[in-house]
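Report on one structure; see the data block that follows.
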Amino acid sequence: MIKRLTIIGLAALALLAGVFYFVNESQTGKTSRSGRLQVVATNSIIGNMVEEVAGNKVKLHTIVPRGTDPHEYEPRPQDVKATQEADVLFHNGLNLETGGSGWFKKMYQNAGKKENEQVFAVSDGVAAKHLTDAGKENEMDPHAWLDIQNGIKYVQNIEKVLIEKDPKNKSTYQKNAAAYIEKLTKLDESAKTKFNNIPADKKLLVTSEGAFKYFSAAYGITPAFIWEINTESQGTPEQMKTVLEKIRATKVPVLFVESSVSPKSMDKVSKETGLPIYAKIYTDSLAKEGKPGDTYYGMMKWNLDKISEGLSK
C-alpha cells in the first residue's frame, strides 16, 4: 500500500512539475517543442532584422517572399500554420499589412493572436509621414524603414520584444543589436555627408512610387514620383504631367526605378525628358539571396550609394 501511495505521489509531483514548466515557459513565450522562440516576420526586411538580432536563438518564418509586394498579399498555407504556432509576430505597422485587404490582421486574428501580446509593430515610436494625394492625407505612409534612423528604431523594438519573451538569451540579443545598430549608424552618417555635397538644384529623387518621403527627409532631398502607393501598374496622364513638370523645374541629372515595379512608366519619363534611368533601387523587399541588397544593411547601402552617385553627375 505504501509503495502504491509512493508511486501515486511521484506521479502527482511529476504532473505538477510539468504544469509548472509549461506555465513558466508560456509566460516567457519559449516553446518546449523546439527549444527556440517561434517568430514570424511579415516581410523580408523585418525578417532580416530579426536574424541580425536573434541569430540562431529563434525559429523564424518570413511571410512575404523576396520580390513580392507586401501591400496586397495572399497568405499561403505555410504562412497560416506558422502564424498559428508563433510565439511572436512582427509586422511593419503604419497601415502596410493591415491596410487595403487587411490580410495580416485577418490572419493573426483567425489564429487567436493579439496585439501587444503576440503581435508587435516594429515601427512603434516612429513619427509617421502621410500620403499627399487628395483625399488620402490622413493615411500613413508605411515606408519608414527607408530612413536608417527609423530602421534603428525597428531593431530596438525587436530587441525589446525578444528579451521580454526569451529572457534567457537577453545577453545575446543585446550584444547583436548593439553591434548592428553601430553598423547602421555609421552607414547613415557617411551617407549624410555624401548628400550634403550634392548641389541643391540636383536634389530631386524621381521614382515610380512615392515611397521615398522618409528617405528624402533624412538626406535632404525632394521626392518626386508618378504614383503614390505601389498598387498601380502605370501612371495616369495627369500623374505623368505632374512629375514631368517637377523634373523640368530642376537640373536633376538622372531617374530611378524600383526593383518591385514595371519600368514601363519610368521608361516613358526617360524618353520625354532625355534623362537616363541610373539604377534600380529597393523599397518594399530585399534582393534575392546572394545579390547586392539581400540584407537591410545591403539594400540601404545600395540605395544610398546609387542615389548619391546618380544625383552627383
message: Tell me whether the count of non-hydrogen atoms from other residues, nucleotides or ligands lying under 6.0 Å of NZ in Lys246 goes above 12.
response: yes

Side-chain donor or acceptor of Asn150 paired with backbone N/O of Ala144 under 3.5 Å: yes

- prompt: How would you list, by chain and number, every residue that makes a side-chain contact (heavy atoms from CB on, under 4.5 Å) with Asp79, sequence neighbours excluded?
  reply: His61, Ile63, Tyr73, Pro75, Arg76, Met107

message: Do the side chains of Asp294 and Arg66 get close enough for a salt bridge, i.e. N-O under 4.0 angstrom?
response: no

task: Return the minimal non-hydrogen interatomic distance between Ala82 and Val40, and the atom names on each side.
output: O-CG2, 3.6 Å

- prompt: Looking at Lys186 and Glu182, does any basic side-chain N land under 4.0 Å from a carboxylate oxygen?
  reply: yes

- prompt: With the threshold set at 4.0 Å, does a side-chain nitrogen-carboxylate oxygen contact exist between Lys160 and Glu164?
  reply: no

query: Got a second to check how far Lys202's NZ is from Thr222's OG1, nearest 0.5 Å?
result: 15.5 Å

ILVMFWY network linking Val269 to Phe225, side-chain heavy atoms under 4.5 angstrom: no

- request: Provide the closest heavy-atom pair for His91 versus Val119 in the form atom of the first, atom of the second, distance.
  value: CD2-CG1, 3.8 Å

- prompt: Which pair of heavy atoms, one from Met300 and one from Leu187, lies closest together, and at what distance?
  reply: CB-CD2, 4.2 Å

- prompt: Is there a donor-acceptor contact under 3.5 Å from the side chain of Tyr214 to the main chain of Asp141?
  reply: yes

- prompt: Side chains of Asn48 and Tyr297: donor-acceptor distance under 3.5 Å anywhere?
  reply: no

message: Side chains of Tyr154 and Asn92: any donor to acceptor distance under 3.5 Å?
response: yes

task: Assess the side chains of Glu137 and Thr132: does a donor N or O sit below 3.5 Å from an acceptor N or O?
output: no

task: Say whether, by atom type as modelled, one donor and one acceptor occur between the side chain of Asn157 and the main chain of Asp124 under 3.5 angstrom.
output: yes

Lys306 side chain vs Lys280 backbone, donor-acceptor pair below 3.5 Å: no

query: Do Arg248 and Glu272 meet the salt-bridge criterion of a basic N to acidic O distance under 4.0 Å?
result: yes

Asn196 atom CG, over 12 foreign heavy atoms within 6.0 Å: yes

- prompt: Looking only at atom types and distance, does a side-chain atom of Glu258 sit under 3.5 Å from a main-chain N or O of Ser208, one as donor and one as acceptor?
  reply: yes

message: Using a 3.5 Å distance criterion without hydrogens, assess whether the side chain of Thr283 forms a donor-acceptor pair with backbone atoms of Ala211.
response: no

query: Side chains of Thr42 and Glu97: do they bring a donor and an acceptor to under 3.5 Å?
result: yes

- prompt: Is the closest side-chain donor-acceptor distance between Tyr219 and Asn303 under 3.5 Å?
  reply: no

- request: Sequence neighbours left out, what pairs pass ring-ring contact (aromatic ring centres under 6.0 Å, His included) with at least one residue falling in residues 108-127?
  value: Phe104-Tyr108

message: Check this for me, if you would: do Asp267 and Lys271 make a salt bridge, where the nitrogen-to-carboxylate-oxygen distance has to be below 4.0 angstrom?
response: no

- request: Compute whether any side-chain donor of one residue and acceptor of the other, for Asn176 and Glu52, lie under 3.5 angstrom apart.
  value: no

statement: Minimal heavy-atom distance between Asp147 and Tyr296, with the atoms involved, is O-OH, 4.0 Å

message: Can a side-chain donor-acceptor contact be found between His143 and Asp284 if the only test is distance below 3.5 angstrom?
response: yes

message: Quick check against the 3.5 Å criterion: does Lys203 have a side-chain atom that pairs as donor or acceptor with the backbone of Phe195?
response: yes

